[in-house]
*Asks:* 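So that we are looking at the same thing, I have put the structure below in structure tokens.
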Amino acid sequence: MHTLQSAQALAILQFNLPFLRREHQTTKKILAAIPEDKASYRPNPVAKTAFDLAAHIAGAENMFLSGVGSSAFDFGLAARPESVKTIADVLHWYTELFEKNYDRLSKASGESLAQAIDFRGAMQMPSIFFLTLAISHSAHHRGQLSVYLRPMGAKVPSIYGESYDDENVGGSDRRSL
């Protein structure tokens, strides 16, 4: 198991909070790009639908964040509430939970961030390390979801740079993006 000093854990948090906020905004752009009438799209029968993948991103990210600075994860956050029936509902749910988690994280102590927590018996790490896992997990599934967009007839928003579909690309050769 990894050990971490409180000051180190707090430094990791302060370094990553702006990154977490930017990643959240990017994920929201991808979720918002899903056309409501195409939310049942899946590229393969074994793949999740766009709606299910969006809900998984929202729930899992907030479940991971619930453990950062806490003694345990709130696994209930990963489950989509029954009231979440549309992409707009997913966005609202995702944003509302994220803001609560972000506010709590902004005030977390170094001691709580350095405290080791268990993830389903598979790994035990200082809780701050799960912040990186939350970001990586969401980015992974966000990438999957971005590949769904064009076959659904939607535009792919910029993620880490311009997208072919960005209107501000100007005179550049859009085929190279």
Side-chain angles (χ1 to χ4, degrees), residues 12-68 73 77-106 119 123 128-177:
I12 292 169
L13 175 70
Q14 294 307 314
F15 178 80
N16 281 294
L17 276 176
F19 182 62
L20 176 64
R21 172 68 69 190
R22 282 190 306 274
E23 289 296 301
H24 175 71
Q25 295 303 325
T26 301
T27 300
K28 282 175 40 176
K29 286 193 310 186
I30 298 295
L31 298 180
I34 301 168
E36 289 285 357
D37 64 336
K38 302 285 174 83
S40 63
Y41 172 81
R42 68 177 81 209
N44 186 284
V46 300
K48 289 182 182 291
T49 66
F51 177 82
D52 289 339
L53 190 51
H56 174 70
I57 292 168
E61 180 178 305
N62 281 295
M63 179 275 302
F64 280 123
L65 292 178
S66 76
V68 180
F73 295 96
L77 292 176
R80 177 179 58 85
E82 217 167 290
S83 63
V84 174
K85 298 184 184 304
T86 65
I87 295 299
D89 294 340
V90 171
L91 272 163
H92 178 75
W93 171 51
Y94 176 54
T95 302
E96 183 178 19
L97 286 177
F98 177 85
E99 292 303 330
K100 288 178 184 174
N101 274 315
Y102 191 89
D103 184 55
R104 183 185 54 76
L105 287 172
S106 299
F119 182 71
M123 62 181 112
I128 188 61
F129 289 178
F130 288 97
L131 177 62
T132 303
L133 187 57
I135 293 168
S136 298
H137 180 268
S138 290
H140 163 71
H141 287 303
R142 184 177 71 206
Q144 290 175 316
L145 192 53
S146 71
V147 173
Y148 285 29
L149 293 175
R150 283 198 183 107
M152 288 191 291
K155 293 184 176 189
V156 178
S158 60
I159 298 175
Y160 295 121
E162 293 176 331
S163 163
Y164 175 85
D165 298 323
D166 283 339
E167 292 181 25
N168 61 352
V169 173
S172 68
D173 182 359
R174 293 167 57 122
R175 291 172 295 171
S176 66
L177 298 176

*Asks:* Would a 4.5 Å heavy-atom cut-off, applied to side chains only, mark Leu17 and Leu131 as touching?
*Replies:* no
*Asks:* On the 0 to 90° scale, with breaks at 30° and 60°, tag the Phe98-Tyr94 ring pair as parallel, tilted or perpendicular.
*Replies:* tilted
*Asks:* Within a strict 4.5 Å, meaning less than it, do heavy atoms of the Asn101 and His24 side chains meet?
*Replies:* no
*Asks:* Set out, in order, the CA-CA distance, both residues' side-chain angles and the distance that settles side-chain contact (heavy atoms from CB on, under 4.5 Å) for His141 and Thr27, then state yes or no.
*Replies:* CA-CA 10 Å; His141 287 303; Thr27 300; over 6 Å; no
*Asks:* Sequence neighbours left out, what passes side chain to side chain contact (heavy atoms under 4.5 Å, CB included) with Pro43? Give chain and number order.
*Replies:* Tyr41, Ala47, Tyr148
*Asks:* Strictly by modelled atom types, are Asp89 and Thr86 linked by a side-chain donor-acceptor pair under 3.5 Å?
*Replies:* yes
*Asks:* So, taking the atom named OG1 in Thr132 and the one named CG in Leu20, what distance separates them when rounded to the nearest 0.5 Å?
*Replies:* 10.0 Å
*Asks:* Please confirm whether the backbone N or O of Ile87 pairs with a side-chain atom of Glu36, one donor and one acceptor, at under 3.5 Å?
*Replies:* yes
*Asks:* Where do Ala54 and Leu31 come nearest, in terms of heavy atoms and distance?
*Replies:* CB-CD2, 3.5 Å
*Asks:* Give the ring-plane orientation class for Phe64 versus Phe130, where under 30° counts as parallel, over 60° as perpendicular and anything between as tilted.
*Replies:* parallel
*Asks:* Considering all heavy atoms of both residues, which atom of Trp93 and which atom of Ala78 are nearest to each other, and what is their separation?
*Replies:* CH2-O, 4.5 Å
*Asks:* Starting at OG of Ser66, measure out to CD of Glu61 and round the result to the nearest 0.5 Å.
*Replies:* 11.5 Å
*Asks:* Please round to the nearest 0.5 Å and tell me the distance separating atom CG of Leu97 and atom NE2 of His92.
*Replies:* 9.0 Å
*Asks:* Just how far is it from atom CG of Asn62 to atom CG of Leu77, taken to the nearest 0.5 Å?
*Replies:* 6.5 Å
*Asks:* So, taking the atom named CD1 in Ile30 and the one named CG in Leu53, what distance separates them when rounded to the nearest 0.5 Å?
*Replies:* 11.0 Å
*Asks:* Would you list the pairs meeting salt bridge (Lys or Arg N to Asp or Glu O under 4.0 Å) in which at least one residue belongs to residues 14-32, sequence neighbours left out?
*Replies:* Arg21-Glu99, Glu23-Arg142
*Asks:* Do you know which two heavy atoms are closest between Thr26 and Ser158, and how far apart they sit?
*Replies:* CG2-O, 4.4 Å
*Asks:* Is there a donor-acceptor pair under 3.5 Å between the side chain of Arg104 and the backbone N or O of Val68?
*Replies:* yes
*Asks:* Output yes when Asp165 and Arg150 qualify as a salt bridge under the 4.0 Å nitrogen-oxygen rule, no when they do not.
*Replies:* yes
